[in-house]
Amino acid sequence: MHEAVVRTESLTRDFQSIRAVDALTLTVPRGAVFGFLGPNGSGKTTTIRMLLGLVEPTSGRAEVMGFDVVRQADEIRLRSGALLEHSGIYERLSAEDNLELYGRIWRIPALERRARIHELLRSFGLWDRRKESAGIWSRGMKQKLAVARTLLHRPALIFLDEPTAGLDPVASASLRDELVALVRSEGVTVFLTTHNLSEAEKFCSRVGLIRRGRLLAEGPPAELSARTGGHRVEVIGHGFSEQVLATLRDRPEVRSATLAGARLQLELHDHSDTPTLVAMLVGFGVQIEEVHKGRASLEDVFLTLMEEDSHAR
């Protein structure tokens, strides 16, 4: 069992009549890239601010790297890096001077500071443009510099709040890949928020799904897909009648059946017998051209959990 870097127990935060975070209990192991996922306004940023000791919980408790978030917040912030709403980048300064400034603030010795700046700018592909003012850079390059800033003092844990928000797909993928390489080489634990579920599925070793301040599920993405989302089967062909769809929907192993043109999408519970379903379709006269099997995506899982949560309220 990996040592826990973040541990919360019934962590709750109210703002007047609004409960932003509701009895949150989770554990983030050392070395994980943990994705805290949910729609805007679901309590993700408030959780990070509590973990950094910037906002006090209304009730419950939390520890980060063994330090209590209320009594020992300074110790947590000394050992963490954070990229929240503001990048912290001074646009009139060059990339190199930005990191030099923060290196001095962290009181990193001069030789070590210069080596670390060189290392990070190279890792993020920014070294050749280090003398340019950050203000003329693209949003993606600025965001890479902002992430480099969070890693400058070699923290054990970094918090990233929507790190790829507003970036185009190429810039997002580039930032993600370079960050993953650095995390692996330096053993940093990452706690990030995002509402981009497909990105989190590629990036995160563990995820927590949150809605209206409540944790709906937590674990490795593939495990959540298997446990909650079941299996997906796509059947391409012709002859899908209303009787065929009604029969499929009545079967206990079928979670849902939807038809779009010549494509039948089946969401199945685990351990379902796909060949039996295909044989049944053939028996109804369906002309099958292709069958594709796979797991439900993290987005499918999240939509299923949100629907179940709505019914439970």
Side-chain angles (χ1 to χ4, degrees), residues 5-6 28 30-35 45 48-49 51-54 64-67 72-167 171-172 174-194 203:
V5 174
V6 175
V28 178
R30 185 175 300 281
V33 177
F34 181 82
T45 300
I48 282 188
R49 294 180 72 83
L51 294 177
L52 283 167
L54 302 174
V64 177
M65 295 175 285
F67 297 104
Q72 299 168 298
D74 287 345
E75 298 297 330
I76 293 170
R77 289 192 290 267
L78 278 172
R79 292 165 174 80
S80 303
L83 175 55
L84 304 183
E85 308 98 288
H86 305 294
S87 69
I89 296 304
Y90 293 92
E91 297 203 346
R92 292 187 179 184
L93 296 180
S94 69
E96 193 172 42
D97 286 344
N98 264 281
L99 296 187
E100 174 71 18
L101 172 63
Y102 280 102
R104 288 173 180 268
I105 290 171
W106 283 107
R107 298 182 180 178
I108 302 172
L111 285 176
E112 181 185 342
R113 187 169 69 240
R114 283 195 291 272
R116 182 62 169 163
I117 290 170
H118 179 270
E119 178 183 26
L120 287 171
L121 290 177
R122 280 214 175 277
S123 295
F124 282 104
L126 303 173
W127 177 252
D128 290 343
R129 299 181 65 176
R130 65 191 182 278
K131 301 293 186 184
E132 296 176 358
S133 295
I136 69 169
W137 280 5
S138 68
R139 188 182 179 95
M141 291 176 66
K142 289 177 186 175
Q143 196 71 345
K144 287 184 182 184
L145 182 59
V147 174
R149 173 186 62 76
T150 70
L151 291 161
L152 188 61
H153 57 298
R154 299 187 187 276
L157 168 67
I158 61 171
F159 292 96
L160 304 175
D161 194 8
E162 301 280 0
T164 60
L167 302 186
S172 293
S174 176
L175 175 59
R176 182 182 69 235
D177 293 346
E178 286 156 3
L179 183 56
V180 166
L182 267 172
V183 164
R184 286 176 179 162
S185 66
E186 300 194 0
V188 182
T189 303
V190 178
F191 189 111
L192 70 91
T193 70
T194 183
F203 186 26

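- Interatomic distance, CD1 of I76 versus CG of L157, reported as 9.0 Å (0.5 Å rounding).
- In terms of the side-chain contact (heavy atoms from CB on, under 4.5 Å) criterion, D177 has no residue partners (sequence neighbours excluded).
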**Request:** Might you work through the side-chain contact (heavy atoms from CB on, under 4.5 Å) test for F159 and L83, ending with a clear yes or no?
**Result:** CA-CA 6 Å; F159 292 96; L83 175 55; over 6 Å; no
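- Between the CD1 atom in I48 and the CG atom in L160 there is a gap of 7.5 Å [rounded to 0.5 Å].
- Annotation: side-chain contact (heavy atoms from CB on, under 4.5 Å) contacts of V33 (sequence neighbours excluded): V183, V190, L192, F203, C204, S205.
- Residues forming a ring pair (Phe, Tyr, Trp, His ring centres under 6.0 Å) with F34 (at least two apart in sequence, or on another chain): F191.
- Judged as a salt bridge (charged side-chain N to carboxylate O under 4.0 Å, His left out), and not counting sequence neighbours, the contacts of R104 are E100.
- With sequence neighbours excluded, the residues satisfying salt bridge (charged side-chain N to carboxylate O under 4.0 Å, His left out) with R129 are E132.
- Partners of R176 by side-chain hydrogen bond (donor to acceptor under 3.5 Å, both in side chains), not counting sequence neighbours: none found.
- Two residues are said to be in side-chain contact when any heavy atoms from C-beta on lie closer than 4.5 Å; W106 and L78 meet this criterion.
- Residue G31 comes nearest to T189 through the heavy atom pair N-OG1, 2.7 Å, listed as atom of the first residue, atom of the second, then distance.
- In terms of the side-chain contact (heavy atoms from CB on, under 4.5 Å) criterion, residue partners of I105 (sequence neighbours excluded) are, by chain and number, L101, Y102.
- In this structure, Q143 contributes its side chain and P163 its backbone to a donor-acceptor pair below 3.5 Å.
- For the atom pair L179 CG and R184 CZ, the distance stands at 10.5 Å (nearest 0.5 Å).
- The CG atom of L152 lies 9.0 Å from the CZ atom of R113; values are rounded to the nearest 0.5 Å.
- For the pair R79 (side chain) and E75 (backbone), a donor-acceptor distance under 3.5 Å is present.
- Between the side chain of T193 and the backbone N or O of E162 there is at least one donor-acceptor pair closer than 3.5 Å.
- Every side-chain hydrogen bond (donor to acceptor under 3.5 Å, both in side chains) that E178 has, sequence neighbours left out, goes to K144, S174.
- Between L182 and S185 the shortest heavy-atom distance is O-OG, 3.0 Å.
- Taking T45 as the reference, D161 meet the side-chain hydrogen bond (donor to acceptor under 3.5 Å, both in side chains) condition, with sequence neighbours excluded.
- Distance check: T164 OG1 to R139 CZ gives 10.0 Å after rounding to the nearest 0.5 Å.
- With sequence neighbours excluded, no residue forms a side-chain hydrogen bond (donor to acceptor under 3.5 Å, both in side chains) with E112.
- Residues A134 and N98 share a closest heavy-atom pair of CB-ND2, 4.1 Å.
- Looking at every heavy atom in both residues, G81 comes nearest to P155 through N-CB, 3.6 Å.
- Pairs passing the side-chain hydrogen bond (donor to acceptor under 3.5 Å, both in side chains) check and including a residue from residues 149-159, sequence neighbours excluded, read E119-R154.
- With sequence neighbours excluded, no residue forms a salt bridge (charged side-chain N to carboxylate O under 4.0 Å, His left out) with R122.
- Atom CG of L121 and atom CG of D128 lie 10.0 Å apart (nearest 0.5 Å).
- Counting all heavy atoms, side chain and backbone alike, L52 lies closest to S80 at CD2-CB, 4.3 Å.
- Considering only heavy atoms from C-beta on, D97 stays 4.5 Å or farther from Y90 through its side chain.
- What you find for I89 and K142 is that their closest heavy atoms are CG1-O, 4.3 Å.
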